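Remember, predicted model here, so these are calculated numbers, not experimental data.
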Amino acid sequence: MPLSWNEIKSRAIAFSQEWEYETSEDAEGKSFWDGFFNVFGISRRRVATFEQSVKKADNKQGFIDLLWKGVILVEHKSRGKSLDKAMQQAKDYFPGLKEHELPKYILVSDFQRFRLYDLDNDITAEFELKDFFNQVHLFGFIAGYEKRTYKDEDPVNIEAAELMGKLHDLLEAVGYTGHDLEVYLVRLLFCLFADDTGIFDKGIFWEYIDLHTKSDGSDLAMHIASIFHILNTHPEKRLKNLDTNLAQFPYVNGKLFEEVLQPAAFDSEMREMLLKACALDWGKISPAIFGSMFQAVMNPKERRNLGAHYTSEKNIQKLIKPLFLDDLYTEFERVKGSRGKLQELHQKIADLHFLDPACGCGNFLIITYRELRDLEIKILRELYKKEEGFIDVRIFIQVDVDQFAGIEYDEFAVRVAEVAMWLIDHQMNIKVSNEFGQYFVRLPLTKSAKIVHGNSLQIDWDKVVAKEKLNFILGNPPFVGKTYQDAQQKADMQIVFGSLKSAGLLDYVTAWYIKAAQFIQNTNIRCAFVSTNSISQGEQVGILWQELYSNYKIKIHFAHRTFSWRNEAKGNAAVHCVIIGFGLQNIENKRIFDYVDIKGEPTERKVKNINPYLAAGNDLIILKRSKPICSVPEMIYGSKPTDGGNLLLSDEEKLIILQEEPNSEKFIRQFLGSQEFINGIKRWCLWLINIQPNELKLMPHVLERIEKVKQMRMASTKLPTQASAQTPYVFTEIRQPDTNYLAVPEVSSERRKYIPIGFLDSSIIASNKIQLIPNATLYLFGILTSEMHITWVKSVCGRLKSDYSYSSTIVYNNYPFPENVNDKQKQKVEIAAQAVLDTRSKYPDSSLADLYDPRTMPPDLVKAHQNLDKAVDLCYRPQPFVNELNRIEFLFSLYEALNAPLLKPEKKKRVKKSN
């Protein structure tokens with residue numbers, strides 16, 4: 001067990017006095033360095049060797065004065081000799097060392113002067129022997145007190161995960177598979193971490209593997225099995241004649257090493273890989289990050305992009321701070337002048353209990369636990385800052401891992417989460433040790449987080465943690481859209497939602513909202529989940545939140561509006577997410593976090609209420625509407641071919657038909673869906689309405705295509721499609737207007753500031769991927785292509801991946817068009833709208849995609865749209881809108897006003913009673 005800093009300083013003073021006049025680098029050198037290591041309570045003989053033979057950079061034989069493999073290299077000179085020369089000599093030894101033997105520190109000395117070089121952080125410190133006692137903190141890595149910084153993208157996390165992945169593959173290749181392999185790797189993970197962070201005496205696992213196993217790996221599995229057995233055996237129950245090298249391993253308990261596993265088998269390559277893993281600095285590895293990466297290495301496809309498989313701490317903080325941490329710190333600042341109230345706060349955080357019902361490798365639990373321990377340290381610092389003499393802070397640590405519970409479907413992730421919670425607990429114990437100068441470790445392991453292996457949507461959460469004890473439910477449940485759910489997930493949705501109408505349209509994550517809402521009834525439990533932003537947009541809002549409001553009386557407490565959930569890993573696709581905190585209490589000061597740039601930082605605003613679209617306002621829900629709420633023309637879908645592609649033609653196919661059958665020209669029309677309309681793609685269709693039979697007989701190529709349509713429709717499982725096989729020469733759904741019309745693409749990229757819409761001639765056939773308005777006016781075009789309308793679209797529109805999926809029933813029919821617009825205002829919109837169309841016409845060779853790409857949008861088109869936006873804004877109100885959130889909240893208030901008369905119940909006439 002590491003010595004306290006006070007003890008180390010006392011030993012350093014005595015050591016400095018003993019060696020004050022040492023000048024030789026010969027006979028006394030070994031005794032000097034034995035004494036140096038003893039200052040930190042470490043036996044030099046156990047960890048480091050003198051006169052290590054090595055080939056230098058010039059290929060000559062050299063001898064390192066002192067080497068602790070993978071940790072520190074020492075080069076000493078006689079008193080007064082050059083330390084620069086000693087440093088260069090030390091570096092010359094590096095080419096002769098194996099990768100896992102390379103040190104992290106170089107120490108050069110002439111016995112009176114010392115220069116320590118931290119190779120990882122490129123930091124140099126220099127001091128004299130007489131000041132050694134003031135510099136002992138520099139050698140915390142020897143004593144077992146090493147301050148760590150953890151970086152999400154630290155290469156050591158990825159390197160460690162990759163090494164474990166390779167070891168996994170090699171063990172699997174020899175037939176060591178399944179549950180045993182997973183548990184075996186988790187145990188190795190614990191040993192590697194323990195070896196670097198003071199759970200074990202530093203380096204004993206690495207030393208044992210390096211010195212006591214054969215280089216061919218043939219006996220390695222046997223020795224590892226012995227270590228696992230010892231770690232699970234109480235010292236009193238160990239053999240009296242146990243090898244001292246095994247006896248030095250502590251009793252760990254915690255059931256981690258309890259299960260008897262099938263013996264593994266190693267070879268020389270696998271042994272070398274394990275030694276490389278031992279050489280990494282596992283103290284630098286964050287359990288929150290490594291857990292997910294470690295899980296990812298089990299899947300070779302996922303392993304190619306390891307950096308993508310963790311939730312960054314920054315994103316976790318977005319959830320836990322408004323859920324509970326901000327309130328705890330506010331309370332801490334308020335009470336830190338009162339000892340009694342500080343003690344009450346300390347007891348309060350020690351009584352908090354947390355559940356992550358889709359915990360994966362435990363990321364949210366790990367960071368939450370760490371933050372509670374950090375707060376506990378601050379509380380203890382305040383409580384005992386005025387105390388004199390020795391305070392054994394170990395007896396005051398109350399926050400522990402058994403306050404945390406999780407549920408996870410993947411068994412391996414469960415095992416990793418259990419161990420990761422112990423690892424973060426130990427890292428926090430090291431922090432306590434550094435803070436208060438006393439070594440604090442919890443061994444043997446007596447408490448653990450309760451991580452249950454099972455299907456969270458089918459488990460009774462009350463059996464995992466009693467709701468009477470529970471305070472917070474949090475996490476990041478799986479994002480699986482309706483079209484990507486497998487049979488098991490659809491069955492889960494059925495279990496949770498039962499007969500709820502249209503539940504099949506919901507994202508998988510919504511099941512956790514319902515399950516949590518059911519669980520927290522009649523409690524003060526608060527919840528927060530990360531979710532895809534689709535649950536606060538489009539038709540999902542009406543289905544999910546109607547249920548949450550009506551049956552469970554849920555109130556939203558805070559919300560992060562849409563932001564990009566990603567890290568910096570190469571090739572990592574961003575997911576557009578929201579975070580929603582909720583409970584049963586109608587709290588004051590609800591908080592909205594809004595992102596002007598979804599990849600940037602949010603601005604916070606306190607509001608009275610948050611609606612399910614994550615805007616300030618009453619708890620309104622926008623449902624599908626068959627007719628517009630305002631007095632505007634109806635919007636309809638275009639025509640649907642259902643033809644297997646046989647009625648549609650490319651430019652090349654059109655030319656072939658015309659060459660063979662010139663009479664077909666009058667039946668070939670331009671055909672546009674969203675993609676063709678936006679990207680300027682030429683596509684054609686056979687539009688055979690009202691064709692005469694004799695005309696059709698003269699076109700055998702066209703008849704061949706019609707026969708293929710017939711066969712395709714007859715083979716369909718849908719009865720209406722089968723019926724349409726009787727008329728295979730026409731589209732199954734025909735809604736083509738005989739006048740010019742306004743075209744709105746159903747699918748459009750969310751990267752564009754405006755949805756590209758435009759007028760089309762009646763001769764152009766619009767597909768069902770186009771929404772159209774026959775006989776639309778310039779004024780209507782101006783409103784629909786304005787910033788005001790796109791703000792509505794962003795909030796209420798459904799999504800296809802991250803793209804807008806525009807629908808008439810949700811978006812257009814519910815849109816609150818400006819009311820009481822005078823002729824002058826209307827004329828300004830029409831003039832500005834025409835200017836947008838005129839500006840587009842200046843670029844005949846550019847598609848709408850080119851014109852509305854944020855990177856290539858012409859300045860004059862930008863200006864034209866800005867003028868149009870101003871004209872449209874003035875139709876709504878004279879005051880400017882300061883931001884997007886301001887716009888949507890205004891639109892919601894208009895919608896409520898328009899909707900209120902429709903929902904207002906009829907007043908019953910009072911009937912007078914007769915005498």
Side-chain angles (χ1 to χ4, degrees), residues 152 288 310-330 354 356 358 363-364 367-368 371 472-479 507 509-510 512-513 516-517 526-538 540-541 544-545 548 554-568 572-583 585 587-617 619 750 791 794-797 799 802 883-889 892:
D152 283 357
Y310 64 85
T311 304
S312 73
E313 180 181 328
K314 185 177 181 181
N315 284 332
I316 294 172
Q317 294 276 8
K318 288 178 181 178
L319 183 148
I320 65 174
K321 290 181 77 174
L323 178 62
F324 69 91
L325 197 58
D326 287 343
D327 288 343
L328 290 179
Y329 269 94
T330 299
F354 299 82
D356 183 343
N363 305 38
F364 279 81
I367 297 299
T368 299
E371 292 299 319
F472 299 102
I473 297 172
L474 73 170
N476 180 16
F479 304 162
D507 192 290
V509 70
T510 59
W512 273 263
Y513 280 79
R526 295 189 183 182
C527 313
F529 292 133
V530 181
S531 315
T532 45
N533 63 357
S534 57
I535 75 162
S536 61
Q537 298 167 343
Q540 290 202 48
V541 174
L544 173 65
W545 291 97
L548 289 172
I554 290 302
K555 296 298 291 184
I556 297 175
H557 294 163
F558 71 89
H560 279 265
R561 288 168 58 81
T562 298
F563 66 97
S564 182
W565 179 278
R566 70 180 301 163
N567 56 54
E568 298 307 314
N572 178 23
V575 181
H576 290 179
C577 292
V578 294
I579 298 173
I580 303 176
F582 61 95
Q585 305 77 24
I587 64 170
E588 294 182 359
N589 291 326
K590 300 178 178 75
R591 302 162 73 183
I592 291 178
F593 299 86
D594 189 43
Y595 295 77
V596 176
D597 175 3
I598 62 171
K599 297 178 184 177
E601 296 299 317
T603 56
E604 180 186 345
R605 188 161 58 105
K606 289 183 171 62
V607 298
K608 289 183 179 179
N609 198 65
I610 302 173
N611 68 30
Y613 299 93
L614 311 187
D619 292 334
E750 53 88 27
T791 299
K794 287 179 181 178
S795 293
V796 307
C797 187
R799 302 284 173 130
S802 63
N883 56 32
E884 185 177 285
L885 193 54
N886 187 218
R887 289 177 185 277
I888 193 60
E889 288 170 357
F892 280 141

Quiz prompt | Pair F582 + Y513: ring centers closer than 6.0 Å | solution =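 Between Y513 and F582, which both carry aromatic rings, the centre distance is below 6.0 Å.
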Quiz item: side chain to side chain contact (heavy atoms under 4.5 Å, CB included) between Y613 and V796: does it pass, once the steps are laid out?
Solution: CA-CA 7 Å; Y613 299 93; V796 307; 3.9 Å; yes
Between [X] and [Y], what is the shortest heavy-atom contact and its length?
X	Y	result
S536	V541	C-CG2, 3.2 Å
N609	D619	ND2-OD1, 2.7 Å
L885	I592	CD2-CG2, 4.0 Å
T510	D507	OG1-O, 2.6 Å
F558	L319	CZ-O, 3.7 Å
S795	I888	OG-CG1, 3.2 Å

Counting distance only, does the side-chain N/O of [X] pair as donor-acceptor with the main-chain N or O of [Y] below 3.5 Å?
X	Y	result
E604	R591	no
K555	G583	no
W545	I535	yes
H557	Q585	yes
N533	C577	no
R526	G581	no
N883	N886	yes

Hey, could you give me the [atom1]/[atom2] distance between [X] and [Y], rounded to the nearest 0.5 Å?
X	Y	atom1	atom2	answer
F563	K599	CZ	NZ	14.0 Å
I610	I580	CD1	CD1	9.5 Å
W512	C527	CH2	SG	14.5 Å

Quiz item: Between V530, T368, I316, which is the residue that forms a side chain to side chain contact (heavy atoms under 4.5 Å, CB included) with L474?
Solution: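 Testing each of V530, T368, I316 against L474, the sole residue satisfying side chain to side chain contact (heavy atoms under 4.5 Å, CB included) is T368.
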Quiz item: Do NZ/NE/NH1/NH2 and the carboxylate oxygens of E889 and R605 come within less than 4.0 Å?
Solution: yes
Quiz prompt | Sub-4.5 Å side-chain heavy-atom contact between E884 and R561 | solution = yes
Practice problem: Kindly indicate, with the supporting measurements, whether the criterion side chain to side chain contact (heavy atoms under 4.5 Å, CB included) is fulfilled by L614 and I556. | Solution: CA-CA 9 Å; L614 311 187; I556 297 175; 4.2 Å; yes
Practice problem: Kindly assign one of parallel, tilted or perpendicular to the pair F354 and F472, based on the angle between their ring planes and the thresholds 30° and 60°. | Solution: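 The arrangement is parallel - the two ring planes meet at less than 30°.
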Quiz prompt | Ring-face cation contact, F593 with K321, 6.0 Å cut, 45° max | solution =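 Because its charged atom misses either the 6.0 Å distance or the 45° angle limit, K321 does not stack over F593.
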